[in-house]
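Keep in mind it's a predicted model, so treat the numbers as computed, not measured.
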Amino acid sequence: ICAPKEVVIDSNWRWIHEAGKPTNCYTGNKWDATICPDVATCTKNCVLEGADAEYADTYGVKASGNSLDLGFVTSGPYSKNVGSRTYLMKDEETYELFKLKNKEFTFDVDVSALPCGLNGALYFVAMDADGGKAKYIPNTAGAKYGTGYCDAQCPHDLKFINGETNMLDWQPSAADPNSGIGKYGTCCVEMDIWEANMMSTAYTAHACAVDEQTRCEGVDCGDNPNHRFDGKCDKNGCDFQTYRLGNTSFYGNSSSFALDSTKKMTVVTQFITADGTDTGALTEIKRFYKQDGKIIETPTIPVGGKGSYNSISTDFCTAELATFQDKTNFLKKGGMSAMDLAFEKGVVLVMSIWDDHDVNMLWLDSTYPTDGKQTGSHRGTCPVTSGSPKEVEKNSADAHVTYSNIRFGEIGSTVHGDSPTPAPPSPSPSPTPAGCPGGSMSACMQVCPTSPISAYQACVKECVTRCSPVEKKEAPRKSWLF
């Protein structure tokens, strides 16, 4: 099913000016003290400006057909813009909500123009579909103007949170001339489907102890350096990063890697439930790729003697924490259950490009911590001196990322493969109580081939038959193209 959609840029990138006047409420990284003497007055006085030609001319956001290209540095008529964050819309007033359980999400991506220090990120967050417009009365802008953002980092740099200006205790950034931080942060569950540049990539689940967008302050925000693991959300996340896990030949910027980041690729993520239904418990987040007509599976990697894994699951996250010992609190903040709840309610799709004023993106593509002594600190081949925003904004201003051909639907419905694969499990003439391959629905589905599509569908159907006490009838598989 083809469903053309629009994107909207986040409110943080928009012009904030005095209502009815072309006077800035916010200039550079500071609020105007006259227009904004306090939160209530500032919220009343200031409005967000709409955008039209500004998408391309000011923000570097360009759409063509089914593709979205996000430029890194754009010199507009009034200012220099760095990066962008956009959301997929359902309609003019509402973000598209994706209910991911027992579904498959697929997109094409080209990161061939993203060097060290940049991140082309596509991810889901548990934002309100209307951008908080109904919940927070002062918010008259809503999703149409890109309000309501939250993520597991509980960011403080949002200029509006819960419909109010976040100017209280505002501290302009010493490193970023366009940003600062306010008293409040905004937290919610986050699923990083894709964070990448040419050198490294990761996909990461971030759990939170809150089940909706939640404003935080103080320790609850989990602010660095002393309270990172004391807040509402798991900031590190349970990440599947092949280089960090020890496979250094899977992803990189040449044909010598299994995935060649100099070429466009298709990224497929499956959200597996215990019983193969939309209401079953989320048990696994599985990934494979397609490039040059071939299906490329995520490699199975041993994790610290705790077992070998090729996907995100509770067992994998437990093994990774035991191996890296980096205090990641994904499991403590709800783990797969927290992700399950967010995915069942529906999450908003975010597409962005950004640089990192905190640690220069070293956590994605280099060695971090930089002394390299800790297990799991080696994350990519970029030098520890790389990624400075000042340098990348100067030397890689023309960097960009392109997302395209977004598909969403039932598992096995969004991509077709050409590679030969093992046959699906064959049915037993007389199933026994132990007749379910792997002992569970999710384990059975994990061994199913991802291509050709007919084999995958037959395998999933067989898993349902052999692993479910109740007979299930499979509906026709549908997918949506955005």
Would you tell me whether Thr402 and Asp110 have side-chain atoms, one donor and one acceptor, within less than 3.5 Å of each other? no
Donor-acceptor pair, Thr328 side chain versus Asn236 backbone, under 3.5 Å? no
Going by distance alone, is a donor N or O of one side chain under 3.5 Å from an acceptor N or O of the other, for Thr106 and Thr414? yes
For the aromatic rings, using the six-membered ring if either is Trp, is the centroid distance between Phe98 and Phe124 under 6.0 Å? yes
Can Arg407 and Asp108 be counted as an ion pair, charged N to O under 4.0 angstrom? yes
Verify whether one side chain among Thr277 and Asn102 offers a donor that lies under 3.5 Å from an acceptor in the other. no
Does the side chain of Tyr87 pick up a donor-acceptor pair with the side chain of Asp10 at under 3.5 Å? yes
Side-chain donor-acceptor contact under 3.5 Å, Arg287 with Thr298: no
Are Tyr251 and Phe257 close enough that their ring centres sit under 6.0 Å apart? no
Under-4.0 Å salt bridge between Asp278 and Lys99: no
State, without any angle test, whether Ser313 and Glu284 hold a side-chain donor-acceptor pair at a distance under 3.5 Å. no
Do Lys263 and Asp292 meet the salt-bridge criterion of a basic N to acidic O distance under 4.0 Å? yes
Using the ring centroid of each side chain, check whether Phe250 and Tyr289 are separated by less than 6.0 Å. yes
Using ring centroids (six-membered ring only for Trp), state whether Phe240 and Phe316 fall under 6.0 Å. yes
Report yes or no: is the SG-SG distance between Cys150 and Cys188 under 2.5 Å? yes
Is the closest side-chain donor-acceptor distance between Ser79 and Asn81 under 3.5 Å? no
Any donor-acceptor pair under 3.5 Å linking the side-chain atoms of Asp356 with those of Trp363? yes
When you check the side-chain N and O atoms of Asn197 and Asp365, is any donor under 3.5 Å from an acceptor? yes
Is Arg244 salt-bridged to Asp326, cutoff N-O under 4.0 Å? yes
Under a 3.5 Å cutoff, is there a donor and acceptor pairing between the side chains of Ser337 and Asp340? no
Test item: side-chain donor near acceptor, Gln213 and Thr186, under 3.5 Å: yes
Could you tell me whether Asp223 and Arg228 make a salt bridge, using a distance below 4.0 angstrom between a side-chain N and a carboxylate O? no
Of the options Leu68, Asp69, Leu114, Leu118, which is the one that meets Val401 in a side-chain contact (heavy atoms from CB on, under 4.5 Å)? Leu114
With a 2.5 Å cut-off on the SG atoms, do Cys208 and Cys233 make it? yes
